[in-house]
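For this chain, numbers begin at 1 and follow the sequence in order.
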Amino acid sequence: MNNINYREDQLPIIGYENGTMAVPAVPGAGKTFIVTNLVAKLLKEKKHDNSKILILTYMNSAVNNFKGRIKKILQDNEIKEENSYEVMTIHSLAVKIIKEKPEVVMLSEEFSIADDLQKSIILSDCIYKFRMSGGERAFQWFLKDQKDGEWRERMVNAWENGFYELVGNAIGELKYKKISPDRLECIVANDYKGILKIILPIYKDYDKKLKQNGLLDYDDILILAYRALRLDENLRMKFQNKYKYIFEDECQDSNEIQGKIIKLISKENNNLVRVGDINQSITGTFSSSDPKYFKEFIEESDNCYRMDMSNRSSKDILDLANKLVQYVTTEFKQEECRQALENMEIRTVPSGMGYRENPKPDVYSINTKRYETWEDEIIKTVKYTKAIKKKYPDKSIGILVPFNDQITQTARVLIQENMEFEELGPNSLNKRKILNNMGYIIDFIINCDEIEKLILALDKVFIHTDNELGKADFLQMIAKYNVEDLMYDEEKSESIIIDKDCDIYKGFLKGLKVLKDILEHPIVRLDILILFIGEKLNLEKEDKAVIEYLSFYIKFISADNVNTNLVDVYNILFNTKNKVFNHIIEVVYEMNGYEPQPGSITVCNYHKSKGMEWDCVFLLGLVEYNFPDNINQKFQCDKWYLKDKYKNPTAIIKSEIETIVMGVEPTNYVYKSKIDLINEKIRLLYVGMTRAKEMLILSCSLYKDNTDVGKKNKMQKPSLYINELEKHIEKRKKEVIINE
């Protein structure tokens, strides 16, 4: 540890001994490195006395990362303090606080936590029941009038997704403002005209279901943990004495109540270190986080040391990111948004001093591309990717798109080009494969005498080969048999003329055996059958976890409806709009995190890219709608499918809640929501740009759809940001040519 050559921007931080310290850190500054080494240093010097050091973060994958790094540093330096530190999420800390004295907040010791998946299952069920028991008319009432059947269906599908998010956010907001279902019911009882009247029955049912199952959601545990600490002095003192030092990572994503919990338990020793980057705060529009809390801490802390050096990206890329910061903070016409980014210039790491240095590409590797249509943008980006991959096979490539459905669109083109890639998103074709496979198997169980269903299951689940023509011929050949002959007459199944050592035949025989075992398994409980099928498929870790969550989901549904059958399970599996499966996939595949490997291609949205880095990054979809710059443009928070009066329902609900709490004319939340969205989109672009190490390509397209080409009213304007950044890029290109 003593031999580490710390950079000049890291030295004040590693020298920390006590007090409150804010550490604003630019992308690629090495904040995990400095935090883990500082924790190890404090442990080595026994500054923690007989107490512990607590490290808080927000993702389970980050918890594992911190644990692994600190453990290695301690082992490498023979520091025997393995039990003197704890790493956990803020929600895990809240659970720990409540379990210490559940009676303080009138809970029994048997309470459990509803994770994101369980919350999704329960909330989805509550919304479904609301609609089926008289609420459908209210649900449909918000939609614009539309006679065209196809467009009407699109509107309903969009509103189903929007309504789920609206209800979930509204319930969280109501809880944080201490508005219980009973209190809300009293408020909306008499001639109430707001949207909260629609939220009430779902909120009541959701609250009831949580209590019936002895569950608390993540909002509950934060609220109750804070309440327990405030009410019980002994509990508060116990946690204050337990942790001599508290470190909080990614604190730009903290919300008000999380900050209050941390402040309370650090009050006695007053040793609190908060690390984050205001410029990477990108979750506020769909959560209660707000970078203003980190800004306040920066102002109030005893010391503030900025980690402003980054070795992740080339100087050219850092210059472009700095240009965005400079433009937004000094020239941005929507002046309320000039505070979107903190004016902290990223510096490159000094050369020749033993530090890991910035990449130095041979040529200027930043470009902008403008395409006619969105489809063209994807196709040309994939071709560009293919060319880079051929020339630089070891370079990692990230393709970033604004929305989840665009991940799937890009994935399809990559598949057509026979390119291997990783897809990060709830509708990932690769990650949904296990759910689809389960559906094919269940479809065969339901229709076990139909040879077509058997062939489909064998084709999709069991026969894996590069010889697609051979497989097609083989499947066509076995279509002449009946199911019973193939599955129960070994002579017939083994007498099929084919190379018995090939992948096709081996997969065929394995599939027959597995499907036969499944058919013979008694169907007493559907959730147990799901687990049995998963066991027979010998699944890898993530796919196995997906099946376990699926089993839990089916168990929940069956408990609520005893008539649930295999046909219902099949229909659920192939319902791509089912939000529960989106959550299953996201929860499972984020447990261990994801790190792009050399030579890999990754497709994800801008939000998912945070925390990652690639040699080459493509930033797609840089048009006004995706990245607005003033309040007069079209906004995603304005739902195109809703009546004009209700087109920003989230803002309306926040306004209604503030009226309840304050009893006065509320903030103009429609205006505020647009300013907040502009701010977050600026930071989102900044995050995307700073993922790139050597090469960066920004692009946009003139039309969203091929059918729109030539129609002036359908044209998409390039975002202000690509226009401004392009000026800098073109200027730098000219300078490079002159210097050559």
Side-chain angles (χ1 to χ4, degrees), residues 7 25-30 33 277 279-280 308-325 345-353 355-369 380-401 410 414 419-422 424 594-604 606 608-620 622 684-699 721-722 725-726 728-737 739-740:
R7 301 189 315 247
V26 299
F33 164 81
D277 183 3
N279 294 350
Q280 294 191 75
D308 59 358
M309 287 185 183
S310 173
N311 56 21
R312 173 188 293 162
S313 307
S314 69
K315 184 179 185 304
D316 291 328
I317 290 170
L318 295 184
D319 285 346
L320 190 68
N322 289 334
K323 173 63 182 176
L324 178 66
V325 173
E345 182 177 344
I346 311 174
R347 293 191 289 159
T348 55
V349 170
S351 299
M353 297 184 67
Y355 307 132
R356 178 187 166 191
E357 296 182 13
N358 300 75
K360 295 180 176 62
D362 295 332
V363 296
Y364 187 76
S365 302
I366 305 175
N367 211 341
T368 58
K369 297 285 183 180
K380 295 288 176 57
T381 297
V382 170
K383 286 186 177 179
Y384 203 161
T385 300
K386 197 170 187 178
I388 294 169
K389 181 75 175 166
K390 186 177 180 180
K391 189 173 182 180
Y392 307 104
D394 294 330
K395 299 293 185 186
S396 58
I397 300 172
I399 303 175
L400 277 52
V401 296
T410 308
L414 285 162
M419 299 179 72
E420 292 185 7
F421 63 96
E422 188 67 36
L424 307 183
Y594 170 75
E595 187 173 336
Q597 298 302 308
S600 66
I601 299 172
T602 311
V603 188
C604 65
Y606 283 76
K608 289 289 181 189
S609 72
K610 187 170 175 293
M612 290 186 270
E613 58 184 45
W614 295 271
D615 295 306
C616 171
V617 170
F618 290 87
L619 301 181
L620 279 66
L622 293 175
L684 197 60
L685 176 57
Y686 178 86
V687 166
M689 292 167 61
T690 54
R691 301 310 93 197
K693 294 194 281 187
E694 299 179 15
M695 185 181 295
L696 179 63
I697 300 95
L698 302 89
S699 65
Y721 313 104
I722 192 171
L725 294 173
E726 192 171 55
H728 173 87
I729 293 167
E730 294 305 316
K731 182 181 177 183
R732 284 289 296 120
K733 284 181 180 177
K734 289 177 182 177
E735 291 171 354
V736 169
I737 292 171
N739 291 334
E740 287 178 348

Please name all residues satisfying side-chain contact (heavy atoms from CB on, under 4.5 Å) with [X], sequence neighbours left out, ordered by chain then number.
X: Lys731; value: Glu735
X: Lys383; value: Ile379
X: Lys395; value: Tyr392, Asp615, Glu694
X: Ala29; value: Arg7, Ala25, Val26, Met307

What's the spacing between [X] [atom1] and [Y] [atom2] if we round to 0.5 Å?
X: Ile697; Y: Thr385; atom1: CD1; atom2: OG1; result: 7.5 Å
X: Met419; Y: Ile601; atom1: CE; atom2: CD1; result: 3.5 Å
X: Ser396; Y: Arg691; atom1: OG; atom2: CZ; result: 12.5 Å
X: Lys380; Y: Lys369; atom1: NZ; atom2: NZ; result: 9.5 Å
X: Met309; Y: Asn358; atom1: CE; atom2: CG; result: 10.0 Å
X: Trp614; Y: Leu696; atom1: CH2; atom2: CG; result: 12.0 Å

Are [X] and [Y] close enough that some pair of their side-chain heavy atoms sits under 4.5 Å apart?
X: Lys733; Y: Asn367; answer: yes
X: Leu400; Y: Cys604; answer: yes
X: Leu725; Y: Met689; answer: yes
X: Ser365; Y: Ile317; answer: no
X: Val687; Y: Tyr606; answer: no
X: Pro27; Y: Ile346; answer: yes
X: Val382; Y: Phe421; answer: no

Would you name the heavy atoms of [X] and [Y] that are closest together and state the gap between them?
X: Cys616; Y: Ile388; answer: SG-CD1, 3.8 Å
X: Thr690; Y: Tyr686; answer: OG1-O, 2.9 Å
X: Glu357; Y: Lys360; answer: OE1-NZ, 3.3 Å
X: Met612; Y: Leu424; answer: CE-CD1, 3.5 Å
X: Ser313; Y: Leu318; answer: CB-CD2, 3.7 Å

**Study point:** All salt bridge (charged side-chain N to carboxylate O under 4.0 Å, His left out) counterparts of Arg312, not counting sequence neighbours
**Key:** Glu613
Point to revise | Glu345: partners by salt bridge (charged side-chain N to carboxylate O under 4.0 Å, His left out), with sequence neighbours left out | key: none
Can you list everything that forms a side chain to side chain donor-acceptor pair (under 3.5 Å) with [X]? Sequence neighbours excluded, please.
X: Thr368; answer: Glu726
X: Asp316; answer: Arg732
X: Asn279; answer: none
X: Ser699; answer: Glu377

Point to revise | side-chain contact (heavy atoms from CB on, under 4.5 Å) assessment of Tyr721 paired with Leu622 | key: CA-CA 8 Å; Tyr721 313 104; Leu622 293 175; over 6 Å; no
Review point. Does atom NZ of Lys315 have more than 12 heavy-atom neighbours from other groups under 6.0 Å away?
Key: no
Point to revise | Counterpart residues, ring pair (Phe, Tyr, Trp, His ring centres under 6.0 Å), relative to Tyr384 (two or more places apart) | key: Phe618
